[in-house]
Every structure is written in structure tokens, then in C-alpha cells.
Amino acid sequence: MKQVLQQFMLDGQALSCERYGDGHINRTYLVTTDRPRRYILQRISRAAFHNIPALMQNVAAVTAFLAARCEDPRMSLHLVPTREGGLWYQDTAGEYWRVYDFIEDSICLQAPETAEDFYQSAVAFGSFQRMLQDFPADTLYETIPAFHNTPDRYRIFHEKLAADRLGRAAQVQREIDFALAHEDEAGTLLRMLRHGELPLRVTHNDTKLNNVMLDSKTRKALCVIDLDTVMPGLVAYDFGDSIRFGAATAAEDEQDLSKVGLDLALYRRFAEGFIPACGTLTKEEIETLPLGAKLMTLECGLRFLTDYLDGDHYFSVSRPGHNLDRARTQMKLVAETERRWDEIQRIIGEFLP
Ligand code: ADP
Ligand code: GN1
Ligand code: MG
């Protein structure tokens, strides 16, 4: 790791470099130095991203755009260049590395401790979306093509199911049946987009609570992180993915499904923060937020199940059956969303113009 760190313009000598955080995609390290400065070092996932130089151009453009609009430097991510002035370093094994300033005096939560924490994350993601309204969307490279194209996720699921490389399908017939029973509705948002009923915006696309930092003293929203999937998308994706993760009553990988439900007070609190912070949303955009929550949860469950069938190549796992446990919580959440659909619609209805 020393050799990797030497490539970057760090302030001072690196003293330690340890695994950090709970992301499922990149390999993240916290770097301390002999100065007060700390850094985040990341090995960018080659399983997830197939053109990392183009991804890094996106990240550099988005961070520069946001930094110009935020008065506090802790409010946007800051990339540390390599000694040659580059955005990343590629090692002899072909792995790509990047370094960010560590966002000091901040917290990153795996679940909201209070409804106010979740509200603050909603303000952060809504403001992020609003600030990027003037970003030139056509300059963004699509880091993961068809990322939230749920029908395309089904296409891949069918492929992996047919291959059944590890012979796992027979043991997960219930989950497969659940996925298949929901396939018909997977294309609803994309159909609306195609018919011109919803605008394409620049969205974050991975709005988990642990992709936002809150100020540890004020506990106010500070900075949105994990910008690898910033691409054109629908506002319902960002609303939906936040609800999927943060309004759930249990962790994404909870094994006791009786604990997995949807907290509608948190759902409402998120809407209260997110919708006004986005600025101008159309009536149709607001109306599709509940569907965004349902489809993002369905899609995520399907992706976990697909990765389980394929041998756990994509998401980091730390125990056997981890992706299957995750798929099960998402499916339970979809079922809960359906059971409470009228209440959910009513809540969002209160925000219609
Ligand atoms: P992944 O794509 O694997 O989720 P992230 O970029 O989200 O990777 O980073 C993983 C975790 O590392 C985050 O959830 C957060 O806890 C921490 N982290 C990432 N960047 C920073 C930063 N600049 N300052 C402080 N913590 C960070
Ligand atoms: C991944 O990178 P991370 O852990 O913030 C994934 C998201 C999933 C999420 C499920 C690039 O997010 O799409 O919703 O796991 N990111 C990518 O927890 O695939
Ligand atoms: Mg992350």
C-alpha cells in the first residue's frame, strides 16, 4: 500500500492505512499521516466499472462543479491528485486507485438514529439533485450502462438463472418466484420516461444513507459522497433508493425477516426533506416517488439474487449466503410496500401542488 500512497500528493508521511467503511463496491482505506491531515484511499471496483478513467473524469467534473457552488470545502468531495497531476493511479496488477480528503468532523450512518438524521440525508440528496440541474448532462459518461433499467436487470437475472453456475437455483425457488411475479411492472418508470411524462435529470443513483456525511457537531447535512454512479436518471430513483435503505426497520442484511418492515414516519420525514430541497419537481415526478421506492427495492433485491446465483462476484460479501439474505430483506420490503400502498400514496399526495 505504501507504494500506492507514494503516487499521491499527500500532505506529510502516511502512518497507517486501514480498511474502512461499509461500502459494497470499492475497497476503502482510511489513511493517517504525521500531519493532522487524513485521507480516504480507494481501490475502484473493476467488477462494477469497466471504464475507470472515464468514471474519474465524471467524478472530477462533478466535484469541481459542486465545489464552485458550496462555500464550505467540507460540503463537496475533494480528489487528491497523483504526483504527475493525474486523477488516479493504476498499479502493476491493473488495479485503479484514487484518494479523497477525509471529511473531518462528520458522521456516516448505517441507519438513522433519529428521524432528523434521515431528514438531513433527504435535504442533502435533494440539494445535490437541485445543484446539478445546470450540470451539462451530455458530458457525463454512463459508468454502468442501464444501471436503473429494471427490465434490463431482469434480462441479466434470466441469463444467470438459466446458467445456474453453482446449482444454487433449486434452493431459492421462493425468491425466484417472487422476482418473476413482479417482472411485469418493472418497466413502468422507463415507459413514462419514453413517453415524455418524466424529465431526465442528473441523479446520484446510489442514495443510501451511508453515502452522505452529516456534520458530527450540528448533525446537519454536510456532503454527498460515492459519486461513481452520477448519471442521467429519474428523481424517483434517488428518492426510492433512500427509502429502500433508510426507511427500513432492519438492516439490509437482517436474517430475521420478522424485523423487516417499512417505517412510514421515516418515509414521510424523508419526503419532507427531499421534495422541497429538489426545487422544482413536476406533479408526475412527485406522483411516481412511491413507485420509485418500490421499484428500486425490487431491483436491488433482484440484483442481490442475481449475484447470489452467479457466485457473489459483484457485491462484497462477508459470510456465505450474504447476498441471499440481502435479497430476502428487499423482497420482504417490496411486499410491505404493497401491503401499505394506500398509506404510502396518501403521504406523497400531501406534497402535490
Ligand atoms: P462504495 O462505493 O464501496 O460504497 P464509498 O465511496 O461509499 O464506497 O465509501 C465507503 C465508505 O467510506 C462510506 O460509506 C464512508 O463511510 C467512507 N468514506 C468515503 N469517502 C469518504 C470521505 N471523503 N470522508 C470520510 N469518509 C468517507
Ligand atoms: C452498492 O457502493 P454502495 O455500497 O454505496 C450499489 C448500489 C446498491 C447498494 C445496495 C455501484 O452501493 O447500487 O443499491 O450497493 N452500488 C453500485 O446496498 O452498484
Ligand atoms: Mg457507498
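All ligand and atom numbering here is 1-based and tracks the order in the structure. Residue numbers start at 1 and run along the sequence shown. Only this structure's heavy atoms are used, side chains among them; waters, hydrogens and symmetry mates stay out.
- Residue contact annotation: Asp226 places an N/O/S atom under 2.8 Å from the Mg ion (ligand 3).
- Protein heavy atom at the shortest distance from atom 8 (O) of ligand 1 is Gln42 NE2, 3.4 Å.
- Contacts with ligand 1 closer than 4.0 Å are made by side-chain heavy atoms of Ile40 only, the backbone lying farther away.
- Atoms of ligand 1 lying under 4.0 Å from at least one heavy atom of Asn211, given by number and element, are 7 (O).
- Asn210 lies apart from the Mg ion (ligand 3) in this respect, since none of its N, O or S atoms is found at a distance under 2.8 Å.
- Cation-pi geometry between Arg168 and Tyr308 is satisfied (NZ or CZ under 6.0 Å from the ring centre, within 45° of the ring normal).
- Residue contacts with ligand 2: Glu252 is placed with a nitrogen or oxygen under 3.5 Å of a nitrogen or oxygen of the ligand (distance criterion only).
- Residue Cys300 has at least one heavy-atom neighbour below 4.0 Å for each of these atoms of ligand 2: 10 (C), 14 (O).
- Residues Val31 and Leu77 do not share a hydrophobic cluster, clusters being chains of Ile/Leu/Val/Met/Phe/Trp/Tyr side chains in contact below 4.5 Å.
- Inspection of the Asn323 and Asp312 side chains reveals an N or O donor paired with an N or O acceptor under 3.5 Å.
- Each of the atoms 24 (N), 25 (C), 26 (N) of ligand 1 lies under 4.0 Å from some heavy atom of Phe102.
- When the heavy atoms of Asp101, Asn26, Ile225 are ranked by distance to atom 23 (N) of ligand 1, first place goes to Asp101.
- In summary, the atoms of ligand 2 found under 4.0 Å from a heavy atom of Asp226, numbered by their order in the structure, are 2 (O), 3 (P), 5 (O).
- The option from Met296, Arg303, Gln330 that lies nearest to atom 8 (C) of ligand 2, judged by heavy atoms, is Arg303.
- Proximity of Met213 to ligand 1 is established by a heavy-atom distance of less than 4.0 Å.
- Note that Arg269 lies outside the cation-pi zone of Phe118, set by a 6.0 Å cut-off to the ring centre and a 45° limit from the axis.
- Ligand-side atoms of ligand 1 in range of Ile25: 2 (O), 3 (O), range being under 4.0 angstrom from any heavy atom.
- Taking distance alone, with nitrogen or oxygen atoms compared against 3.5 Å, Asn205 stays at or beyond that limit from ligand 2.
- Of all atoms in ligand 1, numbered sequentially from 1 with element shown, those under 4.0 Å from a heavy atom of Leu77 are 23 (N).
- Closest protein heavy atom to atom 16 (O) of ligand 1: Cys108 SG, 3.2 Å.
- Contacts between Asn211 and ligand 2 below 4.0 angstrom, taking non-hydrogen atoms only, involve the side chain exclusively.
- Under 4.0 angstrom from ligand 2, the non-hydrogen atoms of Thr229 all belong to its side chain.
- The closest approach between Arg326 and ligand 2 stays at or above 4.0 Å for every heavy atom of the residue.
- Counting heavy atoms under 4.0 Å from ligand 2, residue Phe304 touches it through the side chain alone.
- Cation-pi check for Arg69 over Phe65 is met; the charged atom lies under 6.0 angstrom from the ring centroid and within 45 degrees of its normal.
- Between the side chains of Asn26 and Asp226, no donor N or O sits under 3.5 Å from an acceptor N or O.
- Atoms of ligand 1 found under 4.0 Å from any heavy atom of His24, numbered from 1 in the order shown, are 3 (O), 4 (O).
- Residue contacts with ligand 2 for Tyr314 involve side-chain atoms from C-beta outward but no N, CA, C or O (heavy atoms, distance under 4.0 Å).
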